[in-house]
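Report on one structure; see the data block that follows.
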Amino acid sequence: MIRYDIAKSGQSIILTDTILEQFKRQKQKWWQSERGGQLFASLSVDVVEIQLATGPRPTDRRTRCSYLPDRLSEQQEIDACFSKGLHFVGDWHTHSSKQPVPSQADLRVTRSIFQSSTHQLNAFVLLIVGQASFPEGLFVGLFDHLGMHKLTGLVVESFGKD
């Protein structure tokens, strides 16, 4: 499990071993198209535990350097997960680099989703899966009204070798 503390708020984002294993399987080789989906979590006062990462879907549009999700399918996922007590908290996708960083397009899309969505969250999560071992191979950031804030992960438990 990896824990990402959210500044001085006392809150943390938790990526469970199950989610980390899923992301390990989705790592993008240099010749493959990007993959992605949505992140759903259970929320408590101090913990945002990512419990489900959807995607990729056959209806998404993907190239080696871009990922455009099927927005209708995404809304259906949000509705279905919310009825099960899971909240949409952000998106994930892959990059073929070892240590991913968000592109300008990633930031633009995340800003648009954050501003146009109806939600009660202070920020959305952007998670990018790269080629390096975790946590170095993950970019985890929070996007709020001020912009993107990169978080630093702390491995709490061993989740196996990459």
Side-chain angles (χ1 to χ4, degrees), residues 2 4 6 11-44 47-131 134-135 137-151 153:
I2 301 176
Y4 293 84
I6 303 172
Q11 294 179 310
S12 298
I13 295 174
I14 301 291
L15 300 179
T16 64
D17 290 347
T18 302
I19 293 297
L20 293 168
E21 289 296 331
Q22 179 180 351
F23 288 147
K24 281 172 43 177
R25 289 189 304 272
Q26 296 296 337
K27 285 185 177 185
Q28 177 188 349
K29 307 289 191 242
W30 68 268
W31 67 86
Q32 294 176 320
S33 295
E34 286 189 5
R35 300 175 178 124
Q38 298 186 107
L39 299 169
F40 294 90
S42 61
L43 306 176
S44 69
V47 175
V48 175
E49 183 175 321
I50 307 294
Q51 294 189 355
L52 177 65
T54 63
R57 300 167 214 83
T59 52
D60 295 335
R61 292 180 301 186
R62 304 170 12 192
T63 70
R64 197 177 86 64
C65 297
S66 68
Y67 167 75
L68 297 169
D70 176 341
R71 295 289 183 207
L72 180 60
S73 293
E74 283 189 327
Q75 188 59 55
Q76 291 168 345
E77 290 171 357
I78 290 169
D79 296 341
C81 288
F82 188 75
S83 71
K84 297 174 186 171
L86 294 176
H87 299 268
F88 168 73
V89 295
D91 292 319
W92 73 273
H93 67 276
T94 61
H95 282 184
S96 60
S97 57
K98 286 193 178 288
Q99 295 179 320
V101 294
S103 66
Q104 288 302 311
D106 293 335
L107 297 176
R108 232 180 357 267
V109 167
T110 305
R111 177 182 300 110
S112 174
I113 293 169
F114 181 73
Q115 292 175 342
S116 65
S117 297
T118 302
H119 60 86
Q120 297 178 353
L121 301 173
N122 293 328
F124 277 177
V125 177
L126 174 62
L127 190 149
I128 305 173
V129 178
Q131 283 295 307
F134 301 157
L138 293 173
F139 173 90
V140 177
L142 289 178
F143 193 94
D144 64 13
H145 65 283
L146 297 175
M148 184 63 67
H149 310 278
K150 182 180 180 185
L151 303 179

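Between Trp92 and Phe23, the two ring planes are tilted [angle within 30° to 60°].
For the pair Gln51 (side chain) and Phe40 (backbone), a donor-acceptor distance under 3.5 Å is absent. Judged purely by atom type and a 3.5 angstrom limit, Ser83 uses its side chain to pair as donor or acceptor with the backbone of Ala80. A donor-acceptor contact shorter than 3.5 Å links the side chain of Tyr67 to the backbone of Gly36. Without hydrogens or angle criteria, Glu74 side chain to Pro69 main chain gives no donor-acceptor distance under 3.5 Å. The main-chain N or O of Arg62 is never found under 3.5 Å from a side-chain atom of Asp60 such that the two would form a donor-acceptor pair. Checked by atom type and distance alone, the side chain of Arg111 never pairs as donor or acceptor with a backbone atom of Gly147 at under 3.5 Å. Within the 3.5 Å criterion, the main-chain N or O of Val129 finds no donor-acceptor partner in the side chain of Gln28. For the pair Thr54 (side chain) and Gln38 (backbone), a donor-acceptor distance under 3.5 Å is present.
Neither side chain, Gln26 nor Thr94, offers a donor N or O lying under 3.5 Å from an acceptor on the other.
Nearest heavy-atom pair, Phe88 versus Leu121, reported as atom, atom and distance to 0.1 Å: O-CD1, 3.4 Å. The two residues Arg57 and Ser73 have their closest heavy-atom pair at CD-CB, 3.6 Å. For the pair Ser96 and Arg64, the tightest heavy-atom approach, listed with the atom from each and the gap, is OG-NH1, 3.4 Å. The minimum heavy-atom distance between Gly153 and Pro135, with the atom names listed, is O-CG, 4.3 Å. Between Leu39 and Ala53, the shortest heavy-atom contact is CD2-CB, 4.1 Å. The minimum heavy-atom distance between Pro100 and Phe139, with the atom names listed, is O-CB, 3.5 Å.
For the atom pair Thr16 OG1 and Ile50 CD1, the distance stands at 9.0 Å (nearest 0.5 Å).
Counting only heavy atoms from C-beta outward, the side chains of Leu15 and Leu138 approach each other to under 4.5 Å. Using a 4.5 Å cut-off on side-chain heavy atoms (C-beta onward), Asp106 and His95 make contact. Two residues are said to be in side-chain contact when any heavy atoms from C-beta on lie closer than 4.5 Å; Arg71 and Ile113 meet this criterion.
The environment of CG in Asn122 is sparse: at most 12 heavy-atom neighbours from other residues, nucleotides or ligands sit within 6.0 Å.
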### Task
For the pair Val89 and Leu43, evaluate side-chain contact (heavy atoms from CB on, under 4.5 Å) and give the outcome as yes or no after the intermediate values.
CA-CA 10 Å; Val89 295; Leu43 306 176; 4.1 Å; yes

### Task
Please step through side-chain contact (heavy atoms from CB on, under 4.5 Å) for the pair Leu52 and Glu77, ending with a clear verdict.
CA-CA 11 Å; Leu52 177 65; Glu77 290 171 357; over 6 Å; no

### Query
What's the verdict on side-chain contact (heavy atoms from CB on, under 4.5 Å) for Val109 and Ser112, showing C-alpha distance, side-chain angles and the deciding distance?
CA-CA 5 Å; Val109 167; Ser112 174; 5.7 Å; no

### Task
Begin from the C-alpha positions of Val47 and Gln11 and carry the test side-chain contact (heavy atoms from CB on, under 4.5 Å) through to its verdict.
CA-CA 6 Å; Val47 175; Gln11 294 179 310; over 6 Å; no

